[in-house]
Amino acid sequence: MASEHTPLLTTVRLARPQRRYPHGIVRRFCTIALSSTLVWLFLAFAVSFITYPHDRPRHHHENDENWRWPGWKRRNVTDDQLRKILLETPSSKKAEDWSRYYASGPHLAGKNYSQAVWTKERWEEFGIKSEIVSYDSYLNYPVDHRLALLHKSKKDESTSWKVAFEASLTEDVLEEDPTTGLDDRIPTFHGYSASGNVTAPVVYVNYGTYQDYEDLIKANVSLDGKIAIARYGGIFRGLKVKRAQELGMVGVILYTDPGDDGDITDEKGVATYPNGPARNPSSVQRGSVQYLSVAPGDPTTPGYPSKPGVPRQPVDKATPSIPSIPISYLDALPILKALNGHGPKAKDLNKWWTRNTGLGYKGVDYYIGPTPDDVVVNLYNEQEYVITPLWNVIGVINGTIPDEVIVVGNHRDAWIAGGAGDPNSGSAVLNEVIRSFGEAVRVGWKPLRTIVFASWDGEEYGLVGSTEWVEEYLPWLRHANVAYLNLDTGASGSEFEASASPLLHQVIYDATAAVKSPNQTVKGQSVLDTWNRKIRTMGSGSDFTAFQDFAGVPSMSVEFSGSSRTPVYHYHSNYDSFHWMQKYGDPGFVYHRTIAQIFGLMTAQLADKPLIAFQATDYAKGLREYVGKVEEKFDQTLVIREMDMATMDEDAIVEFRGSQRKSSRQGDDDSPSHEALSFRKELEKLHKALRKLHESALELDERAAELTDRAKQHIPWWKWPAWLRLALEIRKVNTKYKFLERDFLYHEGLDGRPWFKHVVFAPGLWTGYAGAVFPGLMESIEAEDWTNGKRWVDIIEGCILTAARNAAI
Ligand SMILES: *[C@@H]1O[C@H](CO)[C@@H](O)[C@H](O)[C@H]1NC(C)=O
Ligand SMILES: *[C@@H]1O[C@H](CO)[C@@H](O)[C@H](O)[C@H]1NC(C)=O
Ligand SMILES: *[C@@H]1O[C@H](CO)[C@@H](O)[C@H](O)[C@H]1NC(C)=O
Ligand SMILES: *[C@@H]1O[C@H](CO)[C@@H](O)[C@H](O)[C@H]1NC(C)=O
Ligand SMILES: *[C@@H]1O[C@H](CO)[C@@H](O)[C@H](O)[C@H]1NC(C)=O
Ligand SMILES: *[C@@H]1O[C@H](CO)[C@@H](O)[C@H](O)[C@H]1NC(C)=O
């Protein structure tokens, strides 16, 4: 389809012939071109057009007196006016209209071209030139499914099976909520799930985390050949299936347990949706079972864009080969009850196992199983796999500086017809942000840096639209992309949440300080005032992954979400609908408006200040904190080891030591603890390198602050060499900021998952969503592979020292 590009993204096209990482020629070309005198001079001119002051993050909210640059024509939108536009344009009413549109019909990845066209048309109405960019992606669509509990009839010798329970596998149609009754609503299924038809006894595996399975193995629960029933939560669902498959299980059932809904439950007397804020018992969480922590994107084209005709790789390393199926609590009850009395009780296995179980609730006693051989489950799952186009919408506001680019994105595709929360609260918000910038452009504003807006498709299956786009434009992004700002579920509650690279922390604090909270009880307070100010590290689970973890672009993601005290969000269910949003999620769409204001300000802060609004010192501080986490992990591992040893007898300890020696591949004389301690000492090298980085970062931030001040001073026109010098110095500092995060890419990638290039940030290997810091070190500690641990210390030390050198003034 639309593989022809309009001339809109000329710079992007430059990079197109280059598919594979790393790049080479294009990057070199750009570098040479940009260091040429002509370009430097041009940039000096560009900077001279700036008509408003820059406030460095640590100079909080100075009053903006517009500075005058004599002799040059001033742009007529001041910094104050731009802020006013970005704060006043977003409207709750409009956000509600966009939400109503997006959530009115199915828009599964690659299934709704008209929604892409509609989005492009709206953006063009707002005054932002846009185009549709398409990729041919490997996706599955549901064909058929069945889940039944079978009992062998005792009387009958000829093995006749009786159906004890047939799962409905559908969500109830609610009169109050029209989306739930659409004829073309999407069935319950898993993205990238394997087709299959299996019949076997069932085992309750709790959340299906790596540790949960370890506990089961320790308790001698037989897993081989069984079907797992796991509750949602804790980790990315695909990894629950991955581990089950590795342990020889033949199928996986995933269900939503209201025990994880905090205080808002039926059990605690709260009415269920649509009559109240508790979870509707028939709600089903669809979702992808791709192995997100191994590589996102189209699994047949790892590392390169899925354009028509490209070679396709096998998918077995990235997606499961056993079938899986998502079900509701209502459908899970008979299966959980069939486990009663079989095998150990969950609460006897491990404290963790009973954390959220409402014991005795609705007759479920949470036994592990397996069910006896005459009580089995039949799980049948049929998926159709196709290679089909999906459509990103890309809009651009050209800036004055061609090679400094801010990308702002949200995905559009949803698992269901609704998706009023995930992702279309974000889509509604993004429309309001773009409409606001359109207003600014209309009255004569032009940003310093180019802003690219993206409405991604295929996020739900595995961040496909964004990952393929980043893979296609990698050389250009590596060269020009300053930051990526992500919205996914923009508003599904009232608690502000953020995750970000430390370089961007101050931008988030500044924007939230400048926007009022819509909470009436705390009238007048800013969002920052009402927020605990905790910013999470970057993991995965949304479209920032390819930017942050693959391209080394500092990224962030923000949202208003629910808490354990607010209405239960029906994630990936038919009840994530416009009606739910209107009634429970964000009545009045006030949090939609608020996050649009925050998002607009952050985008402007990054795109339009002469000095890029990064704080390098925050990065150095962040890294020090993460090394602390590594040390903590190491110490915990040793404590656990000691505890294990205390309960072992002599022979076991000798045997254990032997196995350790083998696994650490060291000489026989080295005891494991010696190796471990020497690794621990190696970590000192990181602290030493970080002190260097901290020094350089401090200097860089100081210089940026100083240049900001100088840029505000009056320089008479005849002192043009002084302007030129200033412009060049600003350019130099910005270039250092732009490439700081890139220094933490390691071209060979992480162990066993080479797509992930960042040595600091990656999704946890066995969590998927949550960010692991220094994954190379963390995984080495987990495996107690001290040789590999030391290898990673050297790699990371190298990155830190390079960054310290490059950041130095
Ligand atoms: C942006 O600039 C490029 C060339 O620099 C041009 O081809 C393109 O049309 C411009 N886009 C917009 C939206 O102005
Ligand atoms: C595409 O989305 C729109 C708006 O949500 C909806 O009205 C339409 O029915 C969808 N089209 C298809 C083919 O599902
Ligand atoms: C699944 O397999 C069983 C036998 O194990 C068979 O009876 C049933 O018809 C199969 N279901 C489908 C839909 O093929
Ligand atoms: C598991 O089985 C092994 C040997 O078969 C036995 O030594 C051990 O005590 C069993 N563990 C539990 C928790 O039953
Ligand atoms: C900027 O100039 C345009 C015309 O060039 C005008 O329409 C607009 O109102 C001006 N904006 C402001 C904020 O003064
Ligand atoms: C509004 O703020 C109050 C006081 O902090 C808090 O108790 C309440 O939960 C907040 N309301 C919402 C909808 O977040």
Side-chain angles (χ1 to χ4, degrees), residues 5-14 30 33-34 39 42 46 120 123-124 126-131 142-148 150 152 159-163 166 169 195-201 225 227 250-251 262-264 277 323 325 376-383 393-405 434 437-438 441-442 445-447 449-453 476 480 491-497 516-532 559-567 569 583-592 594-595:
H5 286 66
T6 65
L8 182 72
L9 293 169
T10 324
T11 15
V12 173
R13 283 187 140 203
L14 251 184
C30 295
L34 278 153
V39 175
F42 163 73
K120 170 174 151 33
W123 292 6
E124 303 225 302
F126 304 152
I128 308 302
K129 226 169 153 188
S130 307
E131 62 172 4
V143 178
D144 198 6
H145 54 192
R146 181 208 192 196
L147 182 70
L150 310 175
K152 201 188 239 171
T159 64
S160 103
W161 290 92
K162 206 171 100 263
V163 176
E166 187 79 49
L169 304 181
S195 295
N197 178 12
V198 291
T199 303
I227 292 173
V250 295
D263 292 337
I264 313 296
I325 212 164
V376 296
V377 159
N378 173 231
L379 187 171
Y380 166 64
N381 181 41
E382 196 179 332
Q383 299 295 323
V393 182
I394 304 290
V396 179
I397 307 178
N398 274 340
T400 313
I401 307 173
D403 66 341
E404 292 180 6
V405 175
I434 297 178
F437 279 109
V441 169
R442 209 175 47 77
W445 175 75
K446 179 174 183 169
R449 304 189 177 85
T450 292
I451 307 177
V452 174
F453 297 105
W476 174 66
S492 62
S494 57
E495 304 221 334
F496 185 74
E497 291 201 10
K516 293 252 176 309
S517 165
N519 185 336
Q520 289 303 318
T521 21
V522 295
K523 228 179 172 111
Q525 287 192 29
S526 71
V527 172
L528 183 71
D529 294 331
T530 62
W531 170 41
N532 65 14
E559 67 178 299
F560 279 107
S561 69
S563 70
S564 60
R565 285 164 288 111
T566 57
Y569 174 54
K583 185 130 194 243
Y584 295 105
D586 186 13
F589 288 75
V590 290
Y591 285 94
H592 280 70
T594 306
I595 199 109

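One is the number of the first residue; the rest follow in order along the sequence. In listed order, ligands and their atoms are each counted from 1.
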- Message: Out of all atoms in ligand 1, which are within 4.0 Å of some heavy atom of Val396? Include the element for each.
- Response: 13 (C)
- Counterpart residues, ring pair (Phe, Tyr, Trp, His ring centres under 6.0 Å), relative to Phe560 (two or more places apart): Phe496, Tyr591
- Chain-and-number sorted residues having a heavy-atom contact under 4.0 Å with ligand 6 are Ser494, Asn519, Thr521, Val522
- Task: Pull out every atom of ligand 1 sitting under 4.0 Å from any heavy atom of Lys129, numbered as shown with elements.
- Result: 9 (O), 13 (C)
- Heavy atom under 4.0 Å from ligand 1: found in Asn398's side chain, backbone, both, or neither? side chain
- Short side-chain to backbone donor-acceptor contact, Ser130 and Ile128, under 3.5 Å: yes
- Query: Between CH2 of Trp476 and CG of Asp403, what distance do you get to the nearest 0.5 Å?
  - Reply: 10.5 Å
- Under the ring pair (Phe, Tyr, Trp, His ring centres under 6.0 Å) rule, collect the residues that match up with Phe437, sequence neighbours excluded. Trp445
- Indicate yes or no for a side-chain donor-acceptor contact from Ser492 to the backbone of Gly585 under 3.5 Å, with no hydrogens or angles considered. no
- Item | Polar atom proximity, Tyr380 to ligand 3 (N or O, under 3.5 Å) | no
- Please confirm whether the backbone N or O of Pro402 pairs with a side-chain atom of Thr450, one donor and one acceptor, at under 3.5 Å? no
- Look up atom CD in Glu497 and atom OG in Ser563, then write down how far apart they are to the nearest 0.5 Å. 9.5 Å
- Task: List in chain and number order the residues that pass salt bridge (Lys or Arg N to Asp or Glu O under 4.0 Å) with Glu124, two or more places apart in sequence or in another chain; answer none if no residue qualifies.
- Result: Lys120
